[in-house]
Participant: 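Next up is a structure, given as structure tokens.
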Amino acid sequence: MKKYVKRIALGLMTVTMAIGLAACGKKKEDSKIVFGTNAEFPPFEYVTGQGVIGQYDGIDMSIAKKIADDNKMDVEINNMEFDSLIMALENGQVDAVIAGMTVTDERKEAVDFSIPYYTATQVMIVKEDSDIAKASDMEGKKIVVIQGYTGETVVQELGYKDYTSFKKGSEAILELVNGKCDVVVIDSATASKYVQDNPGLKIVEDSSAFASEEYAIAVKKGNKDLLDKINKSIEKMLDDGTIASLSAQYLESTGE
């Protein structure tokens, strides 16, 4: 009889431990959010000595940290090439993507987007003595873009097929500084950072050629639970001025 009772007790303990371990596993899974990014896009995401999330800093990184804090979650950054981000999301390597990613109809087919948190536009970076004053002046010039970025799409839409694409913005700017190209097409906020860091360069705008674009956070199709958490946090940051404050803080440091 005692042996039978003992067996029952042991069985109950085993079941209880299994349930407990399962609960712990679920809690651990739900307590961290992994963001994918491409830390080559200052002032939104870049690598520094001491950032807001490990070595990563910028407007997007601060937003990612706030989203995690609002939901009482740990946060981790997975830095990779921009063109790999959506695939990483689909494969489950990351939970969400925050990388100055523009909302487009094509991307909407692959991912679900949060509400937009930032509006930007494309500009041209040229040398100070350049004769490029508008987008049409790029005709016959050596054009450089960053692979997968909106600048590449805009250049294609303008009809320029002869251009060079780089995986990193810093590589594109180095090409311009060294006189190996005439113009780099890139997002306005990032352009300000590169121009500040590289004397002799300037920004050329053309609102008639470059329309505004909206940045948002991407999650895997159908991940409504995470999307709702992200949206709730973004709405809060938009309402209380947190995102505006972060943008001003980082853009001021770039001299925009």
Side-chain angles (χ1 to χ4, degrees), residues 30-82 84-86 88-89 93-104 107-108 111-122 146 148-150 169 186-194 212-220 223-254 256:
D30 292 345
S31 66
K32 181 173 74 171
I33 180 169
V34 180
F35 282 99
T37 196
N38 174 243
E40 292 284 342
F41 193 54
F44 290 89
E45 39 266 322
Y46 55 92
V47 176
T48 185
Q50 185 175 1
V52 291
I53 305 176
Q55 62 181 328
Y56 302 106
D57 205 355
I59 298 171
D60 282 353
M61 298 297 94
S62 296
I63 291 173
K65 178 69 163 59
K66 190 69 170 62
I67 289 171
D69 289 346
D70 285 348
N71 290 282
K72 295 180 173 56
M73 303 168 80
D74 293 328
V75 61
E76 181 181 315
I77 299 299
N78 191 336
N79 184 28
M80 62 185 72
E81 292 181 5
F82 189 84
S84 300
L85 289 169
I86 290 181
L89 189 60
Q93 293 174 252
V94 298
D95 302 309
V97 169
I98 183 166
M101 182 171 280
T102 302
V103 178
T104 66
R107 287 174 180 157
K108 281 181 179 179
V111 303
D112 286 336
F113 278 110
S114 70
I115 57 175
Y117 62 87
Y118 193 88
T119 301
T121 189
Q122 296 297 301
I146 292 80
Y149 281 24
T150 305
I186 196 169
D187 300 66
S188 55
T190 305
S192 295
K193 173 63 177 172
Y194 285 134
S212 62
E213 56 188 304
E214 294 181 320
Y215 295 166
I217 297 172
V219 301
K220 190 172 184 178
N223 193 349
K224 186 176 183 301
D225 181 57
L226 180 58
L227 187 62
D228 287 346
K229 290 177 180 178
I230 289 173
N231 278 336
K232 185 176 180 180
S233 185
I234 290 177
E235 286 176 346
K236 178 183 175 183
M237 285 188 276
L238 288 171
D239 289 342
D240 66 15
T242 296
I243 290 179
S245 178
L246 286 171
S247 299
Q249 172 191 332
Y250 284 97
L251 291 174
E252 183 179 350
S253 69
T254 65
E256 183 169 285

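All figures in this text were calculated on a predicted structure; none of them were measured in a lab. In this chain, residues are counted from 1 in sequence order.
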Participant: Nearest 0.5 Å, what's the CD-OG1 distance between Gln122 and Thr102?
Facilitator: 7.0 Å
Participant: Would you say that Ile86 contacts Met101 through its side chain, given a criterion of any heavy-atom pair below 4.5 Å between the two side chains?
Facilitator: yes
Participant: Could you report the tightest heavy-atom contact between Val219 and Leu89, atom names first, then the distance?
Facilitator: C-CD2, 3.4 Å
Participant: Charged N to carboxylate O below 4.0 Å: is that the case for Asp228 and Lys232?
Facilitator: no
Participant: Would you call Ile146 and Glu40 a side-chain contact if the rule is heavy atoms closer than 4.5 Å?
Facilitator: no
Participant: Are any side-chain N or O atoms of Thr48 and backbone N or O atoms of Gly51, one a donor and one an acceptor, separated by less than 3.5 Å?
Facilitator: no
Participant: Between the side chains of Asp240 and Lys236, is the shortest nitrogen-to-carboxylate-oxygen separation below 4.0 Å, so that they form an ion pair?
Facilitator: no
Participant: Using the side-chain contact (heavy atoms from CB on, under 4.5 Å) rule, pick out the option among Met61, Glu45, Lys65, Gln55 that qualifies with Ile77.
Facilitator: Met61
Participant: Supply the atom-to-atom distance Ile33 CD1 to Met73 CE, rounded to the nearest 0.5 angstrom.
Facilitator: 5.0 Å
Participant: Can you see which heavy atom on Ala216 is nearest to which on Pro116, and at what distance?
Facilitator: CB-CA, 4.1 Å
Participant: Atom CD of residue position Gln93 - does it have more than 12 heavy atoms of other residues, nucleotides or ligands inside 6.0 Å?
Facilitator: yes
Participant: Can any side-chain N or O of Asn231 pair as donor or acceptor with the backbone N or O of Ile115 at less than 3.5 Å?
Facilitator: yes
Participant: Ring-plane angle category for Tyr149 and Phe41, please: parallel below 30°, perpendicular beyond 60°, tilted otherwise.
Facilitator: perpendicular
Participant: Between Gly148 and Arg107, what is the shortest heavy-atom contact and its length?
Facilitator: O-NH2, 3.2 Å
Participant: So, the side chain of Thr190 versus the backbone of Pro42: is there a donor-acceptor pair under 3.5 Å, distance only?
Facilitator: yes
Participant: In Å and rounded to the nearest 0.5 Å, what is the CG to CD1 distance from Asn223 to Ile230?
Facilitator: 8.0 Å
Participant: Which residue is it: Asn38, Ile59, Thr37? I am looking for the one with a side-chain contact (heavy atoms from CB on, under 4.5 Å) to Phe44.
Facilitator: Ile59
Participant: List the steps, then state whether side-chain contact (heavy atoms from CB on, under 4.5 Å) holds for Ile67 with Lys229.
Facilitator: CA-CA 8 Å; Ile67 289 171; Lys229 290 177 180 178; over 6 Å; no
Participant: Between Phe35 and Ile98, which heavy-atom pair has the shortest distance, and what is it?
Facilitator: CD2-CG2, 3.5 Å
Participant: For Tyr194 and Ile186, run side-chain contact (heavy atoms from CB on, under 4.5 Å): C-alpha distance rounded to whole Å, both residues' side-chain angles, the deciding distance at 0.1 Å, then the answer.
Facilitator: CA-CA 10 Å; Tyr194 285 134; Ile186 196 169; 3.9 Å; yes
Participant: How close do Met237 and Ile63 get, heavy atom to heavy atom, and via which atoms?
Facilitator: CE-CG2, 3.7 Å
Participant: Nearest heavy-atom pair of Leu85 and Ala99: which atoms, and what distance?
Facilitator: CD1-CB, 3.7 Å
Participant: Begin with the C-alpha distance, continue with both residues' side-chain angles, and end with the deciding distance and a verdict on side-chain contact (heavy atoms from CB on, under 4.5 Å) for Val97 and Val111.
Facilitator: CA-CA 10 Å; Val97 169; Val111 303; over 6 Å; no
Participant: Indicate whether the side chain of Tyr250 and that of Asp57 have a donor and an acceptor atom separated by less than 3.5 Å.
Facilitator: yes
Participant: Donor-acceptor pair, Asp60 side chain versus Gly100 backbone, under 3.5 Å?
Facilitator: yes
Participant: Just verifying a value: how many Å separate Lys220 NZ and Leu227 CG, rounded to the nearest 0.5 Å?
Facilitator: 14.5 Å
Participant: How far does OG of Ser114 sit from CD1 of Ile234, to the nearest 0.5 angstrom?
Facilitator: 3.5 Å
Participant: Is a donor on one side and an acceptor on the other found under 3.5 Å between the side chain of Asp187 and the backbone of Ala189?
Facilitator: no
Participant: Could you tell me the separation between the OH atom of Tyr117 and the OG atom of Ser247, rounded to the nearest 0.5 Å?
Facilitator: 9.0 Å
